[in-house]
Chemist: 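Before I ask anything, here is the structure I am working with.
Counting starts at 1 for both ligands and their atoms, in listed order.
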Amino acid sequence: MKEIKHFINGEFVGSASGRTFDDINPATGQVIAKVHEGGKAEVDLAVAAARAALKGPWGKMPMAERMDLLMKLAAGIQARAAEFAAAEVADNGMPITLASHVNIPRGSANFIQFAEHFKYVATECWEMEGALNYALRRPLGVVGIISPWNFPLLLTTWKVAPALACGNTVIIKPSEETPATTALLADVARDILPPGVLNVVNGFGGDSAGSALTEHPDVDGITFTGETTTGQIIMRAAAGSLKKLSFELGGKNPNLVFADADLDACIETTMRSSFANQGEVCLCGSRIYVQRPLYQAFLDKLVARIKSTVKVGDPTDPATTLGALISKEHLARVQTFLDSAKADGATFLTGGKRPDGLPAHLAEGAFLEPTVIVGLGRDCKAQRQEIFGPVVTVTPFDTEEEVLELANDTNYGLSATVWSTDLARAHRVAAQLEAGIVWVNTWFLRDLRSAFGGMKYSGIGREGGVHSLEFYTELKNICIKL
Ligand code: NAD
């Protein structure tokens, strides 16, 4: 059986406790690896190694040399892209086409992006009468990175890359559900980075590696992507040592479709914004609002498109468009939303059940058909809470004011999508949506220099471009009397 160990100070090591847990393929239900479970002992070792590396060659390395090492990490991932993609699929259940076209290439591109961008960012300088102020940027220090399971490599390197580009050292706590590609990243880094610069400690969240990291007095910052409730726990844990925090949290994102929308383009993109990665994307639009004149046509086209194009099945098959959900436990959680929608009187236009006719080797897999629900009131659980599965609710609306009120009636504020060919309306509506990211006539189109993050319960701070630079550095102002 394959073992996944921690990576501390440049070496793969087992747990002091000898404890392991199972890494399960959610499509087959098979155990694919035994993962070493870390805790305080391993986090202590990783923090000591990361601190020493900051004081060692890494801390003294010229920026150009550091950025060259990041480019080598990107190339190292690309050289083993097929291995990374297969590991991501086995861990997560996502279709192989998604892993090999999005997750792994973007996971690698993060290193290129931040290495190139940060080279050219100047610091500020303020001239005053008789004095000059200038600012120096210094690394934040030892940074703890806690990642979720939904886009494991992409979301982990989204934080590792800017952290290293700024000269920090990192300790990654990957999701217990998907540790494989972070272990592969460590394997790539072993030949490239000095020991202690990139460390990985596997384990769970509370009372495990996660809490050991967030409570550690010698960790300078925590950057976390995951559930809002976990963010609340981490904030409390980090308060004792006043760590700098960056949070990318959950969402209940609205898609606003106006009657003047280009319906074909909208349906094409809605297929992705609803069901990409089985709907397990924080940016998926799970509440769709359609202006009444287009409502029926939208539903007819969406359902027809689902029935004619979606293939739920073996994630390793390139023809599969919808793979397995992350686990049986998560599927059961998604099912509770379907049950409550039924109890609330919803109509299921399609989906809501396990697909028929899956092959025998997927009998234990966590599969769900893409699901479209109508007829729910705004206060129903399925309309208010993040489901994180291939499930959307569709609701008609009449006016711009009404849909803005509906869209903003949530604690979350991550992303939103507006479909309209009226440019003035698109600007007007986008400006009033309470979301950190608004897409107009598109979805998931990302320029990595732009700000990424959520309002309200969807996050704290922004990452991407210079916003990542703000988080991963300390700015020091120097004032000289002339
Ligand atoms: P999660 O919060 O359950 O777990 C995320 C990570 O936090 C895991 O590594 C877990 O082990 C760790 N963790 C859990 N409890 C902890 C604790 N007490 N202390 C320290 N670490 C702890 O989230 P998940 O189920 O893995 O991911 C799905 C969630 O992530 C969804 O809510 C989704 O919206 C969100 N997400 C947000 C973004 C974004 O950019 N805003 C991106 C992807 C996913």
Chemist: Using a heavy-atom cut-off of under 4.0 Å, does the side chain or the backbone of F224 touch ligand 1, or both, or neither?
Modeler: side chain
Chemist: Ignoring hydrogens, just give me the one of G459, S458, C284, G205 whose non-hydrogen atom is nearest atom 13 (N) of ligand 1.
Modeler: G205
Chemist: Students should be able to answer this: which protein heavy-atom is nearest to atom 36 (N) of ligand 1, and at what distance?
Modeler: C282 CB, 3.6 Å
Chemist: Looking at N168 and A163, would you say the former's side chain and the latter's main chain have a donor-acceptor pair under 3.5 Å?
Modeler: yes
Chemist: Under 6.0 Å between ring centres, would you say that holds for W158 and F114?
Modeler: yes
Chemist: Under 4.0 Å from atom 4 (O) of ligand 1, is there at least one protein heavy atom?
Modeler: no
Chemist: So, is K173 polar-close to ligand 1, with some N/O to N/O distance under 3.5 Å?
Modeler: yes
Chemist: Of P152, P148, G436, G226, which has the heavy atom at the shortest distance from atom 29 (C) of ligand 1?
Modeler: G226
Chemist: Please list the nearest protein heavy atom to atom 25 (O) of ligand 1 with its residue and the distance rounded to 0.1 Å.
Modeler: W149 NE1, 2.8 Å
Chemist: Within the 4.0 Å heavy-atom shell around I233, which atoms of ligand 1 are there?
Modeler: 18 (N)
Chemist: Please tell me if the side chains of M94 and F151 come closer than 4.5 Å, counting only heavy atoms from C-beta onward.
Modeler: yes
Chemist: Determine whether the aromatic ring centres of W419 and F298 lie less than 6.0 Å apart.
Modeler: no
Chemist: Should the proximity of I146 to ligand 1, defined as any heavy atom under 4.0 Å, be assigned to the side chain, the backbone, both, or neither?
Modeler: side chain
Chemist: Which of the numbered atoms in ligand 1 are below 4.0 angstrom from a heavy atom of F452?
Modeler: 40 (O)
Chemist: For atom 8 (C) of ligand 1, what is the nearest protein heavy atom, given as residue, atom name and distance?
Modeler: S147 O, 3.3 Å
Chemist: Where the side chain of R333 meets the backbone of I387, is there a donor-acceptor pair that is under 3.5 Å apart?
Modeler: yes
Chemist: Establish, yes or no, whether the cationic atom of K456 lies under 6.0 Å from the six-membered ring centre of Y412 and within 45° of the ring axis.
Modeler: no
Chemist: Does any part of the side chain of E280, heavy atoms only, come nearer than 4.5 Å to the side chain of I326, both counted from C-beta?
Modeler: yes
Chemist: Near N150, which atoms of ligand 1 are under 4.0 Å from a heavy atom of that residue?
Modeler: 43 (C), 44 (C)
Chemist: What part of L155, side chain, backbone, both or neither, has a heavy atom within less than 4.0 angstrom of ligand 1?
Modeler: side chain
Chemist: Mind checking whether E386 has an N or O less than 3.5 Å away from an N or O of ligand 1?
Modeler: yes
Chemist: Distance to 0.1 Å, residue and atom name: give those for the protein heavy atom nearest to atom 41 (N) of ligand 1.
Modeler: L249 O, 2.7 Å
Chemist: Within the side chain of S175, is there an N or O that forms a donor-acceptor pair under 3.5 Å with the backbone of E177?
Modeler: yes
Chemist: Establish, for the pair K34 and F21, whether the NZ or CZ atom is under 6.0 angstrom from the six-membered ring centre and no further than 45 degrees off its axis.
Modeler: no
Chemist: Let me confirm one number: the CG-CZ distance from N150 to F388, rounded to the nearest 0.5 Å.
Modeler: 4.0 Å
Chemist: Could you list which atoms of ligand 1 come closer than 4.0 Å to a heavy atom of L414?
Modeler: 41 (N)
Chemist: Which bit of L213 is near ligand 1, meaning a heavy atom under 4.0 Å away: side chain, backbone, both or neither?
Modeler: neither
Chemist: Does E176 reach ligand 1 with a nitrogen or oxygen that is under 3.5 Å from one of the ligand's nitrogen or oxygen atoms?
Modeler: yes
Chemist: Report yes if some N/O of G203 lies less than 3.5 Å from some N/O of ligand 1; otherwise report no.
Modeler: no
Chemist: For A237, which part has a heavy atom under 4.0 Å from ligand 1: side chain, backbone, both, or neither?
Modeler: neither
Chemist: In the protein, which heavy atom is nearest to atom 15 (N) of ligand 1, and how far is it?
Modeler: T230 CG2, 3.3 Å
Chemist: Does ligand 1 have an atom under 4.0 Å from some heavy atom of S175?
Modeler: yes
Chemist: Using a 4.0 Å heavy-atom cut-off, say whether S208 meets ligand 1 through its side chain, its backbone, both or neither.
Modeler: neither
Chemist: Of the backbone atoms (N, CA, C, O) and the side-chain heavy atoms from C-beta on, which set of L283 has a member under 4.0 Å from an atom of ligand 1: side chain, backbone, both, or neither?
Modeler: neither
Chemist: Using side-chain heavy atoms (C-beta onward) and a distance below 4.5 Å, is D220 in contact with V143?
Modeler: no
Chemist: Using side-chain heavy atoms (C-beta onward) and a distance below 4.5 Å, is K173 in contact with S147?
Modeler: no
Chemist: Is there a side-chain contact between V219 and K243, using heavy atoms and a 4.5 Å cut-off?
Modeler: yes
Chemist: Are T228 and S458 side-chain neighbours, meaning at least one heavy-atom pair lies under 4.5 Å?
Modeler: no
Chemist: Check whether any N or O atom of E227, backbone or side chain, sits under 3.5 Å from an N or O atom of ligand 1, and answer yes or no.
Modeler: yes
Chemist: Please say which of L448, L469, V466 ends up in a side chain to side chain contact (heavy atoms under 4.5 Å, CB included) with H117.
Modeler: V466
